[in-house]
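Notes to accompany the following structure.
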There are 2 protein chains.
Amino acid sequence: MNTRDKIILLGDNLIRKRGYNAFSFSDISKELNIKNASIHYYFPTKTALVIAIIQKHLILLEKFKEKVSEKDSVQKIIKFLSVYSITKSEGRISILGSLSNDYFTFTAEVQTELKILTNNTLNWLTDTLKEGRQQGFFHYDMEDRKKALIIITNILGAEQLSRVTDNYDFHKIKEAIINDLIK
Amino acid sequence: MNTRDKIILLGDNLIRKRGYNAFSFSDISKELNIKNASIHYYFPTKTALVIAIIQKHLILLEKFKEKVSEKDSVQKIIKFLSVYSITKSEGRISILGSLSNDYFTFTAEVQTELKILTNNTLNWLTDTLKEGRQQGFFHYDMEDRKKALIIITNILGAEQLSRVTDNYDFHKIKEAIINDLIK
DNA sequence: ACAAATATACCTACTAATAGGTAGGTAAAC
DNA sequence: GTTTACCTACCTATTAGTAGGTATATTTGT
């Protein structure tokens with residue numbers, strides 16, 4: 001992996017573990033054994049770095065959508081929720097959860113990028129739920145987007161709160177979401 | 001209101017709007033037209049301030065419990081969820097949501113206080129749900145604590161995500177939680 | 001093929017601003 | 001005369017960010 005990608009990966013992990021305003025360029029430069037100025041060579045500002053991180057997640061989302069496109073709706077949702085479980089086990093929460101918490105400390109440009117990632121995620125979830133409902137896999141009685149909102153906010157909140165209570169609570173909630181859908 | 005309480009209130013608002021690691025003592029001192037050192041007179045460290053803020057919320061929770069103790073379970077839940085709506089409209093999220101996001105940047109002492117506030121909130125919600133379920137108001141088929149977890153994480157996530165999407169999404173989710181309970 | 005030009009990927013050394021925090025003083029109230 | 005509620009003046013560490021240098025590749029012109 002090249003230095004640029006390493007910086008993005010480390011920044012991503014730091015944001016999702018400690019939050020945007022709790023990490024500095026020196027956290028990254030120390031870890032990579034390079035100097036502070038070298039990070040500015042790749043990313044002139046911290047804003048430029050967080051935008052690159054969001055854009056990486058936009059690409060990851062597209063790859064995810066592509067990867068699960070042939071699966072049935074139930075498997076799509078299970079895979080989607082699995083993405084959140086994996087990183088949770090290492091103390092990290094999702095990028096959406098972490099960044100929306102710091103939303104008011106961002107420039108308009110970062111806010112716009114975050115909106116795009118959020119809407120892309122929400123739209124995929126809405127479409128997948130609709131598909132599964134029409135095929136008789138899922139059962140709920142409300143707008144598809146509303147159900148998508150409930151699921152995603154439940155996951156974000158669960159990632160957050162289970163830091164304080166118990167990591168196992170996260171898995172309990174995740175199972176409950178799936179059971180509620182296919183009941 | 002005395003200066004100490006004003007500092008706590010301002011710190012509380014700043015944490016819930018921008019996050020713990022995005023506010024400084026000077027944000028407070030400028031607003032109150034006092035000097036930085038005067039805040040240290042009341043709170044020797046930033047840690048001491050955040051602990052005082054958590055303890056204020058512990059007291060507020062007790063007052064809330066007392067205030068709604070005579071109401072029926074449905075009204076208790078509606079009032080509980082209203083607390084989250086009120087501050088949300090001013091851009092602030094709940095103290096639980098904001099602080100659990102910064103959990104790994106806190107000292108053990110702050111983490112412990114946050115755990116107490118979280119558990120006290122969760123326990124009240126669990127008991128209230130159980131009461132309402134036994135009296136036939138609420139309908140769900142899982143442990144009471146699990147249902148409490150789902151509700152509270154859903155609200156925390158909704159506060160967060162609706163910053164990015166649309167404030168009205170928060171109210172949609174809140175209504176869905178109530179409808180789901182009494183359906 | 002070979003030298004010159006240029007781009008890459010860092011570096012040293014610095015800056016201004018801000019962070020949380022401290023030492024010690026003072027004026028007024030109790 | 002002690003406590004309260006501030007103050008001035010400072011400190012050290014860290015922050016994001018900049019200016020300009022250098023060694024090593026890579027590309028280009030002859």
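A, B, ... follow the sequence lines: proteins, then strands. Residue 1 opens every chain. These numbers come from a predicted model, not from an experiment.
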Practice prompt. Take T153(B) and T153(A) through the side-chain contact (heavy atoms from CB on, under 4.5 Å) test and state the conclusion after the steps.
Written response: CA-CA 8 Å; T153(B) 55; T153(A) 55; over 6 Å; no
Show the atom names and distances, to 0.1 Å, of all donor-acceptor pairs under 3.5 Å that link a side chain in residues 58-65 of chain A to residues at least two apart or in another chain.
{"unit_1": "E62(A)", "atom_1": "OE2", "unit_2": "K65(A)", "atom_2": "NZ", "d": "3.1"}

Discussion item. Protein within reach of the bases, or only the backbone? For nucleotides 10-25 of chain C, mark each nucleotide 5' to 3' as B, S or -, using heavy atoms under 4.0 Å.
Written reply: BBB------SSBB---
Worksheet item: Side chains of T165(B) and N119(A): do they bring a donor and an acceptor to under 3.5 Å?
Response: no
Fill in: Donor-acceptor side-chain pairing of H139(A) and D180(A) below 3.5 angstrom
no
Practice prompt. Assess whether side-chain hydrogen bond (donor to acceptor under 3.5 Å, both in side chains) is satisfied between E109(A) and T47(A), documenting all intermediate values.
Written response: CA-CA 9 Å; E109(A) 203 187 352; T47(A) 289; over 6 Å; no
Discussion item. Distance check needed: dT15(D) P versus I39(A) CD1, whole Å only.
Written reply: 11 Å
